[in-house]
Amino acid sequence: MIYPSPLDHQAHQAVAETTVAARANADEGASRTLWGDAFGRLKKNKLAVVAAIWILFIILVAATADLWVPQTLGDPNATGANMAAESRLPPSLEHPFGTDTLGRDVLSRVIYGARISLTVGVVATGISTIIGLVMGAIAAYYGGIWDTIIMRLADIFLAFPYTLFVVAMIAVIGNGIQNVFIAIGILGWPSIARVFRSAILSVKENDYVDAARAMGASDVRIVARHIFPNSVASIVVYATMNIGGAILTESALSFLGMGVVPPDPSWGTLIQSGQQYLQTEPWLMILPGLAILSTVLAFTLLGDGLRDALDVKMKDA
């Protein structure tokens, strides 16, 4: 009888361990997805994580404001002759952000202003994203005359200063939160269309798109099922950053008196009403400004983090 040598036994053991490791790696690779890998990389970006936490905190505070703000800080839209004694009080424990010229708590108005700013950011970005996706898909997928018309139209929109274009449109359609949605949403589509067009052009000639077309799939199905999922990463990044831009634009419009109509609180109107007291009561202008700065910066940092996390060339995770 021939007995295996210790070297043979070690060799067999090494082969078995290698096989097990290969199977484990194969199973891990099969279970990994683009979004799973992206989430893992995003968690390693400390600035993006802090930005996401701050955004979630603002959303939570704004969404639950009715449950605690009027009871603890007072009605943000309250008026009355008996409130004159509390006009322009400095920050204190009772009024952490002080009071405005009518005696209303500034913090309560900043919190309710967050509702308007976040709503404008999300809704206006949603409108511009939908329009941009449709226009970009038509331009890239069909090309030719459609591509020329849509891209030249986008060039016309981009040729004008964005804020000035929004102000002009608000002057035509009138003030109000609904018109702010429309103006920012309609005028923000060219950039989204360009990004989506570039993404589609990079994937539409792949073999799986040709295979779907050969099997008789409609153009809408090809774009929705095969092209869009492979192009959505860049759209998510750009839309996230666009929310911060829309918030900043709404604040600028409200500051100019062309956005949210008083007495509804808005970060822009709070800055506008407090600018004349900058030397004597600076908290009336500085604290709403910090709310705008921190929120817009958070969306920008989160967008940067998503861009790095969704980069398929990243191999560190």
Side-chain angles (χ1 to χ4, degrees), residues 35 38-77 96-97 104-130 176-178 180-185 188 192 232-233 235-255 259-260 263-271 286-310:
W35 297 103
F39 182 70
R41 287 191 290 267
L42 184 64
K43 291 191 297 183
K44 297 179 181 179
N45 189 326
K46 295 181 180 180
L47 285 177
V49 171
V50 171
I53 293 174
W54 179 248
I55 292 171
L56 292 175
F57 173 74
I58 294 177
I59 294 174
L60 179 63
V61 169
T64 61
D66 289 337
L67 301 178
W68 60 278
V69 171
Q71 294 80 2
T72 57
L73 300 174
D75 187 351
N77 294 327
F97 279 21
R104 299 170 296 192
D105 187 88
V106 175
L107 178 57
S108 68
R109 291 181 63 78
V110 169
I111 292 174
Y112 276 87
R115 283 184 168 185
I116 294 177
S117 295
L118 292 174
T119 302
V120 169
V122 173
V123 174
T125 300
I127 294 173
S128 61
T129 300
I130 292 173
I177 188 67
Q178 296 85 356
V180 172
F181 293 155
I182 297 172
I184 298 178
I192 294 287
V232 70
I235 302 302
V236 170
V237 173
Y238 202 86
T240 303
M241 293 184 174
N242 258 15
I243 293 177
I247 291 174
L248 199 59
T249 302
E250 181 276 325
S251 299
L253 291 173
S254 297
F255 178 82
V260 177
D264 292 334
S266 168
W267 289 343
T269 55
L270 291 177
I271 294 177
I286 293 176
L287 297 178
L290 290 176
I292 297 174
L293 173 64
S294 61
T295 305
V296 174
L297 180 61
F299 277 106
T300 302
L301 292 175
L302 180 59
D304 285 337
L306 288 172
R307 180 190 59 197
D308 296 337
L310 290 170

Study note, to complete from the structure: Residues passing the salt bridge (charged side-chain N to carboxylate O under 4.0 Å, His left out) test with Asp304, sequence neighbours excluded, are Arg307
**Study point:** Pairs flagged by salt bridge (charged side-chain N to carboxylate O under 4.0 Å, His left out) wherever residues 67-76 is involved - sequence neighbours left out
**Key:** none
Check your understanding: How long is the span from the CG atom in Leu47 to the CG atom in Leu302, to the nearest 0.5 Å?
Key -> 11.0 Å
Check your understanding: Which residues pass the side-chain contact (heavy atoms from CB on, under 4.5 Å) test with Thr269, sequence neighbours left out?
Key -> Ser254, Ser266
**Study point:** side-chain hydrogen bond (donor to acceptor under 3.5 Å, both in side chains) partners of Thr119, counting only residues at least two apart
**Key:** none
Point to revise | Nearest heavy atoms of Ala246 and Val120, plus distance in Å | key: O-CG1, 4.2 Å
Study note, to complete from the structure: Between Ile247 and Gly121 the two heavy atoms that sit nearest each other are CG1-CA, 4.1 Å
Point to revise | With Ser294 via side-chain hydrogen bond (donor to acceptor under 3.5 Å, both in side chains) - residues at least two apart | key: Trp54
Review point. By side-chain contact (heavy atoms from CB on, under 4.5 Å), which residues pair with Ile182, not counting sequence neighbours?
Key: Met169, Asn179, Ile186
Exercise for review: Please name all residues satisfying side-chain hydrogen bond (donor to acceptor under 3.5 Å, both in side chains) with Asn242, sequence neighbours left out, ordered by chain then number.
Suggested key: none
Practice item. Report the distance from atom CZ of Phe97 to atom CD1 of Ile111, rounding to the nearest 0.5 Å. Key: 8.0 Å
Review point. So which heavy atom on Ala239 is nearest to which on Thr125, and how close?
Key: O-CG2, 3.5 Å
**Study point:** Atom pair OG1 (Thr129) and CD1 (Ile192), whose distance is rounded to the nearest 0.5 Å
**Key:** 4.0 Å
Check your understanding: If every non-hydrogen atom of Ser128 is compared with every non-hydrogen atom of Gly188, which pair is closest and at what distance?
Key -> CB-C, 3.6 Å
Check your understanding: Which residues satisfy the side-chain contact (heavy atoms from CB on, under 4.5 Å) test with Asp66, sequence neighbours excluded?
Key -> Tyr112, Arg115
Practice item. Name all residues meeting the side-chain contact (heavy atoms from CB on, under 4.5 Å) criterion together with Leu248; count only those two or more places apart in sequence or in a different chain, and write none if there are none. Key: Ile292, Val296
